[in-house]
> 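Mind looking over this structure? Questions follow.
Reckoned from all heavy atoms, side chains included, excluding hydrogens, waters and symmetry mates.
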Amino acid sequence: MTIALPMRSCLYYLPEAMKAFEKTHPDVTVMPHFFPFSDFSSFLKGEEDLIFAMAGDAKGIPDVHSYPLFDSRIYLITKKDDPLAGKDIVRPEDLRGRTLMVGGGSPPPLRRVQKRMIEEVGVDFFTSHDHETTLTNVAAGRGVCLAPGFLDDHNGEFAWTLFDCEERIPCVLLSHADGGSRDAEDFAETILSVYAAHPDFAV
């Protein structure tokens with residue numbers, strides 16, 4: 001059985017869910033497949049049983065069952081020695097005088113926050129092609145970035161500090177409603193139960 005996701009960090013507890021599932025379904029092997037964000041082509045061809053998606057991207061996809069995972073919050077990514085890294089929460093005015101990286105396929109809620117920072121706070125900004133490029137630029141001291149919490153790989157290399165905004169990015173698992181396997185439904189429920197067991201995990 002296959003599960004598609006764009007980055008390992010999107011489903012931080014996937015390994016834990018795989019181990020739990022294999023105890024109850026010893027004859028089923030779960031294999032992750034990685035794909036670009038918002039690319040549903042192989043899933044729609046039936047080549048994957050489950051897929052991680054931002055709920056906004058999943059709208060209009062026919063014949064799927066959606067399992068709500070979590071509402072990802074928005075965080076500021078900085079170097080660990082950045083003065084903002086010591087805050088419990090970063091507020092919009094804290095970005096005044098800073099350089100913000102934007103673009104790179106940001107989902108609409110994040111784009112709204114970026115736009116407010118540029119228009120209302122007056123931050124300097126430049127476009128970064130993708131998340132990996134952005135992290136490289138953060139490490140080089142070229143700027144900071146706002147990003148969904150589900151991109152945090154929790155390896156401690158950067159500071160991820162909660163940003164003060166109302167926007168959330170709902171994330172879901174999708175399975176095939178027509179012709180999907182019972183195993184896929186069971187595995188989706190396993191992932192949901194693992195996340196429910198970690199209610200304080202930051203996403």
> List the residues meeting side chain to side chain donor-acceptor pair (under 3.5 Å) with Thr136, not counting sequence neighbours, and say none if there are none.
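With neighbours one apart ignored, the set is empty.
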
> Write out all pairs satisfying side chain to side chain donor-acceptor pair (under 3.5 Å) with one or both partners inside residues 52-74, taking only residues at least two apart or from two chains.
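Counting only pairs at least two positions apart or across chains, the side chain to side chain donor-acceptor pair (under 3.5 Å) contacts touching residues 52-74 are Ser38-Asp57.
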
> Do you know which two heavy atoms are closest between Gly103 and Thr127, and how far apart they sit?
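That closest heavy-atom pairing would be CA-CG2, 4.5 Å.
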
> Ignoring hydrogens, what is the shortest heavy-atom contact between Leu110 and Ala147? Give both atom names and the distance.
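Between these two residues, the closest heavy atoms are CD2-CA, 4.1 Å.
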
> Report the residues that fulfil side chain to side chain contact (heavy atoms under 4.5 Å, CB included) with Glu166, sequence neighbours left out, ordered by chain and then residue number.
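Glu166 satisfies side chain to side chain contact (heavy atoms under 4.5 Å, CB included) with no residue once adjacent residues are dropped.
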
> Taking the side chain as every heavy atom from C-beta outward, state whether Pro92 and Glu120 have any atom pair closer than 4.5 Å.
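Pro92 does not reach Glu120 side chain to side chain.
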
> How far does CG of Asp27 sit from CG of Asp183, to the nearest 0.5 angstrom?
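Interatomic distance, Asp27 CG to Asp183 CG, rounded to 0.5 Å: 9.5 Å.
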
> So Glu185 and Arg182, side chain to side chain contact (heavy atoms under 4.5 Å, CB included) or not? Walk me through it.
CA-CA 5 Å; Glu185 296 176 15; Arg182 178 65 197 178; 2.9 Å; yes

> Can you hop from Val194 to Phe201 via hydrophobic side chains spaced under 4.5 Å?
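Per the 4.5 Å side-chain linkage, Val194 and Phe201 are co-clustered.
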
> Which heavy atom of Leu162 sits nearest a heavy atom of Ile74, and at what distance?
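The pair with the smallest heavy-atom distance is CD1-O, 3.8 Å.
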
> Mind checking the CZ-CG spacing from Phe70 to Leu192? Nearest 0.5 Å is all I need.
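Reported to 0.5 Å precision, the distance equals 10.5 Å.
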
> Compare all side-chain heavy atoms of Thr2 with those of Leu50 and state whether any distance is below 4.5 angstrom.
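Heavy-atom side-chain distance check fails, nothing below 4.5 Å.
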
> Say whether Leu5 and Val28 are linked into one hydrophobic cluster, either directly or through other cluster members, by side-chain heavy-atom distances under 4.5 angstrom.
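Both belong to a single hydrophobic cluster.
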
> Taking the side chain as every heavy atom from C-beta outward, state whether Val144 and Val138 have any pair of such atoms under 4.5 Å apart.
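Not touching, per the 4.5 Å side-chain cut-off.
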
> Go through it in stages, so that I can follow the logic: the residues are Val30 and Asp49, the test is side chain to side chain contact (heavy atoms under 4.5 Å, CB included), and I'd like the CA-CA distance, side-chain angles, deciding distance and then a yes or no.
CA-CA 10 Å; Val30 179; Asp49 300 289; over 6 Å; no

> Please find the pair of heavy atoms, one from Leu69 and one from Leu173, that lie closest to each other, and give the distance.
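Looking at all heavy atoms of both residues, the closest pair is CD1-CG, 3.9 Å.
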
> Working to the nearest 0.5 angstrom, can you tell me the gap between Cys145 SG and Trp160 CH2?
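Going from the SG atom of Cys145 to the CH2 atom of Trp160 covers 7.5 Å.
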
> Is Ile191 reachable from Met54 through a run of hydrophobic residues whose side-chain heavy atoms are each under 4.5 Å from the next?
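Yes.
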
> Quick one: does Met31's side chain get under 4.5 Å of Met1's, heavy atoms only?
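Met31 does not reach Met1 side chain to side chain.
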
> Measure the spacing between CZ of Arg96 and CD of Glu93 and express it to the nearest 0.5 Å.
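It comes to 7.0 Å.
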
> Under the salt bridge (charged side-chain N to carboxylate O under 4.0 Å, His left out) rule, what pairs show up with a residue in residues 151-164, not counting sequence neighbours?
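The answer is Arg91-Asp164.
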
> For Arg111, give me all partners under salt bridge (Lys or Arg N to Asp or Glu O under 4.0 Å), at least two apart in sequence or on another chain.
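Arg111 satisfies salt bridge (Lys or Arg N to Asp or Glu O under 4.0 Å) with no residue once adjacent residues are dropped.
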
> What side-chain donor-acceptor pairs closer than 3.5 Å can you find for residues 7-23, not counting sequence neighbours?
unit_1, atom_1, unit_2, atom_2, d
Ser9, OG, Phe150, O, 3.0
Ser9, OG, Leu151, O, 3.3
Tyr13, OH, His198, ND1, 3.3
Glu16, OE2, His198, NE2, 3.4

> With Ile77, which of Leu146, Thr161, Leu135 fulfils side chain to side chain contact (heavy atoms under 4.5 Å, CB included)?
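Running side chain to side chain contact (heavy atoms under 4.5 Å, CB included) over Leu146, Thr161, Leu135 with Ile77 returns exactly one hit, Leu135.
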
> Where do Ile3 and Phe187 come nearest, in terms of heavy atoms and distance?
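Looking at all heavy atoms of both residues, the closest pair is CD1-CE2, 3.9 Å.
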
> Indicate yes or no: at least one non-hydrogen side-chain atom of Arg116 is less than 4.5 angstrom from one of Cys165.
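Of all side-chain heavy-atom pairs linking Cys165 with Arg116, at least one is under 4.5 Å.
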
> Looking at every non-hydrogen atom in both residues, tell me the closest pair between Lys79 and Ala159 and how far apart they are.
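In terms of heavy atoms, the two residues are closest at O-CB, 4.1 Å.
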
> List in chain and number order the residues that pass side chain to side chain donor-acceptor pair (under 3.5 Å) with Asn137, two or more places apart in sequence or in another chain; answer none if no residue qualifies.
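Only Arg142 meet the side chain to side chain donor-acceptor pair (under 3.5 Å) criterion with Asn137.
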
> Decide yes or no for Asp186 and His25: does some side-chain heavy atom of the first lie under 4.5 Å from some side-chain heavy atom of the second?
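Heavy-atom side-chain distance check passes, below 4.5 Å.
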
> Output, in order, the C-alpha distance, side-chain angles, deciding distance and verdict of side chain to side chain contact (heavy atoms under 4.5 Å, CB included) for Met101 and Phe125.
CA-CA 6 Å; Met101 280 170 273; Phe125 70 97; over 6 Å; no

> To the nearest 0.5 Å, what is the distance between CG on Asp124 and OG1 on Thr99?
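OG1 of Thr99 is found 4.5 Å from CG of Asp124.
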
> With sequence neighbours excluded, what pairs up with Arg98 under the side chain to side chain donor-acceptor pair (under 3.5 Å) test?
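Scan of Arg98 (side chain to side chain donor-acceptor pair (under 3.5 Å), adjacent residues dropped) gives Asp82.
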
> Go through the structure and list residues passing side chain to side chain donor-acceptor pair (under 3.5 Å) with Thr133, not counting sequence neighbours.
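Thr133 satisfies side chain to side chain donor-acceptor pair (under 3.5 Å) with Asp130 only.
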
> Could you tell me whether the side chain of Val102 reaches within less than 4.5 Å of the side chain of Ser128, counting heavy atoms only?
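No, every pair of side-chain atoms sits at 4.5 Å or beyond.
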
> Give every residue pair that meets the ring-ring contact (aromatic ring centres under 6.0 Å, His included) criterion with at least one member in residues 28-50, sequence neighbours excluded.
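Non-adjacent pairs meeting ring-ring contact (aromatic ring centres under 6.0 Å, His included): Phe43-His176.
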
> Sequence neighbours left out, what passes side chain to side chain contact (heavy atoms under 4.5 Å, CB included) with Ser42? Give chain and number order.
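For Ser42, the residues satisfying side chain to side chain contact (heavy atoms under 4.5 Å, CB included) (neighbours in sequence not counted) are Glu47, Glu48.
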
